[in-house]
Amino acid sequence: MPTDPTTVPRSVGNLRWPVEPAQGGWYTEAEHDAVRSALAESDDWRTGWKATPSTDAFEDVFAAYTGAAHAVAFASGGTALEMVLHHLRLEPGDEVISCAINFVGPHLAVIGQGGRLILAEPEPDTLNLDPVDVERVLTSRTRAILVTHWNGACADLRPFLDLAQRHPHPVHGAPVVIVDAARACGGRTPSGARVGAEGWATVFSFESKKLMTTLGQGGMVTTDDVKLGERLRRLRTYGGRDHWGTNQLMSKAQAAVGLVQLSRLDEMNDARIAAAHQRTRLLAGATELSLPPTVHGRGHLYYRHNLLVPEQWAGERRDALMETLAAEYGVGSIISDPPTYLGHRLIRDHTEGSRCPRAEHLAARLLCPCLHPRMGPGEQAAICNAIQQAAARITGTHTI
Ligand SMILES: *Cc1c(COP(=O)(O)O)cnc(C)c1O
């Protein structure tokens with residue numbers, strides 16, 4: 001069993017480079033202006049904070065950017081995903097397959113919407129859901145395959161779409177492919193499509209750490225399915241006249257900022273990609289470490305820069321490396337992420353008896369040191385030196 005993921009690293013107090021740097025904060029005068037205009041407009045008591053014109057505009061531009069027919073904005077990515085799953089009306093025993101290495105949010109959404117969460121293994125180089133393992137766990141009860149573009153690596157969706165066609169559910173037909181693109185906004189999949197254009201529904205998050213942000217919270221769903229689009233609009237505003245619904249609208253100020261952030265997204269992503277490629281180059285000498293693949297174009301957005309330590313360092317020595325980086329060099333790193341069932345009791349109880357040994361093993365070798373597009377070359381060099389020195393110290397300690 002890997003170490004408790006919540007205890008590593010311990011020295012997170014005064015890090016020069018925090019464990020999880022926030023993209024939020026990279027705002028220009030244009031975002032500030034957008035908020036000021038929203039405030040000024042809302043002083044008019046005839047309209048107040050009514051969000052519709054701003055969210056409509058943000059949705060239209062977002063749909064056009066991704067190439068999807070419809071975009072529906074939400075208060076958060078987590079809620080957006082729940083509402084997509086809600087539309088499926090999952091019944092007891094209906095299965096949703098998802099990668100074990102994941103954020104807990106999507107897994108809780110499946111459980112919350114009455115589905116049975118089925119865990120599958122990641123591919124070793126990108127940590128994206130492995131289609132071969134999906135085929136192993138697919139059954140006649142599978143309703144959906146939930147693919148997370150992990151840490152910005154844009155997964156090829158074609159194998160999943162193909163598997164879904166080949167394994168129809170007896171009542172509902174081909175399982176749907178739902179994409180969690182919270183960490184991949186603006187990316188392109190290997191087929192060349194923009195993230196959001198493929199699959200039945202794609203969910204985005206604009207929370208503070210994500211690749212574009214809307215004042216700390218926010219989400220979006222893109223889809224070509226007109227029925228899903230209409231249903232999502234009703235679900236987020238109390239269900240229209242006939243159905244259940246709730247209030248999960250995005251606010252006017254968030255939408256106004258979202259419009260500006262979307263216009264800057266490619267530039268922000270390119271800066272992040274350049275920083276990640278530079279880090280990979282600077283770490284080429286750290287032969288102990290497996291580096292993330294260098295993907296050109298926007299096929300990998302490097303939401304995080306995943307490193308894997310050697311097999312023999314799995315667990316304890318990886319933890320020591322993270323601890324050294326934090327305590328001696330001020331470099332924060334995170335295990336992003338351990339299999340959800342290891343860190344969350346509800347998910348563990350729900351998936352009782354099923355484990356993903358490959359995911360556990362990869363997570364025990366994983367660390368993601370702090371990366372941010374606004375890091376200067378000096379900072380990058382300092383962080384890479386720290387990683388190399390700390391790794392050499394771990395090697396030294398254990399070869400004597
Ligand atoms: C952030 C995130 C979410 C949830 O988005 P929120 O807007 O924070 O609710 C879902 N999945 C992944 C992979 C994420 O990183």
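All residue numbers in this chain count up from 1 along the given sequence.
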- Qualifying residues under side-chain contact (heavy atoms from CB on, under 4.5 Å), relative to A80, sequence neighbours excluded: F74, V203, V221

- Whether over 12 other heavy atoms sit under 6.0 Å from R36 CZ: yes

- Over 12 foreign heavy atoms within 6.0 Å of CZ, R166: yes

- Item | For L161, all residues meeting side-chain contact (heavy atoms from CB on, under 4.5 Å), sequence neighbours excluded | L157, V177

- Positive for side chain to side chain contact (heavy atoms under 4.5 Å, CB included) with I145, one of V137, V96, L129: L129

- Message: Parallel, tilted or perpendicular: which one describes the rings of H169 and H172, with boundaries at 30° and 60°?
- Response: tilted

- Item | Validation row, ring centre W17 to ring centre H372 under 6.0 Å | no

- Hey, any chance I97 and L117 share a hydrophobic cluster, counting ILVMFWY side chains that come within less than 4.5 Å of each other, even indirectly? no

- Task: Output, in order, the C-alpha distance, side-chain angles, deciding distance and verdict of side chain to side chain contact (heavy atoms under 4.5 Å, CB included) for C370 and M375.
- Result: CA-CA 10 Å; C370 175; M375 276 174 180; 3.4 Å; yes

- Message: Regarding E360 and Y341, do their side chains bring together a donor and an acceptor under 3.5 Å, going by distance alone?
- Response: yes

- Neighbour count >12 (heavy atoms, 6.0 Å) for atom CZ, R116: no

- Does NZ or CZ of R264 fall inside the cone over W26's six-membered ring, less than 6.0 Å from its centre and within 45° of the axis? yes

- Message: Any carboxylate oxygen within less than 4.0 angstrom of a Lys/Arg side-chain nitrogen, looking at E59 and R233?
- Response: yes

- Looking only at heavy atoms, what is the nearest atom pair of L265 and L211, with distance? CD1-O, 3.8 Å

- Item | Within 45° cone and under 6.0 Å: R194 NZ/CZ vs Y65 ring | yes

- Not counting sequence neighbours, which residues clear ring-ring contact (aromatic ring centres under 6.0 Å, His included) with H296? List them please. H277

- Task: Report yes or no: is the cationic atom of R183 (NZ for Lys, CZ for Arg) closer than 6.0 Å to the six-membered ring centre of W150, at no more than 45° off its axis?
- Result: yes

- Task: Classify the ring geometry between H305 and Y302 as parallel (under 30°), tilted (30 to 60°) or perpendicular (over 60°).
- Result: tilted

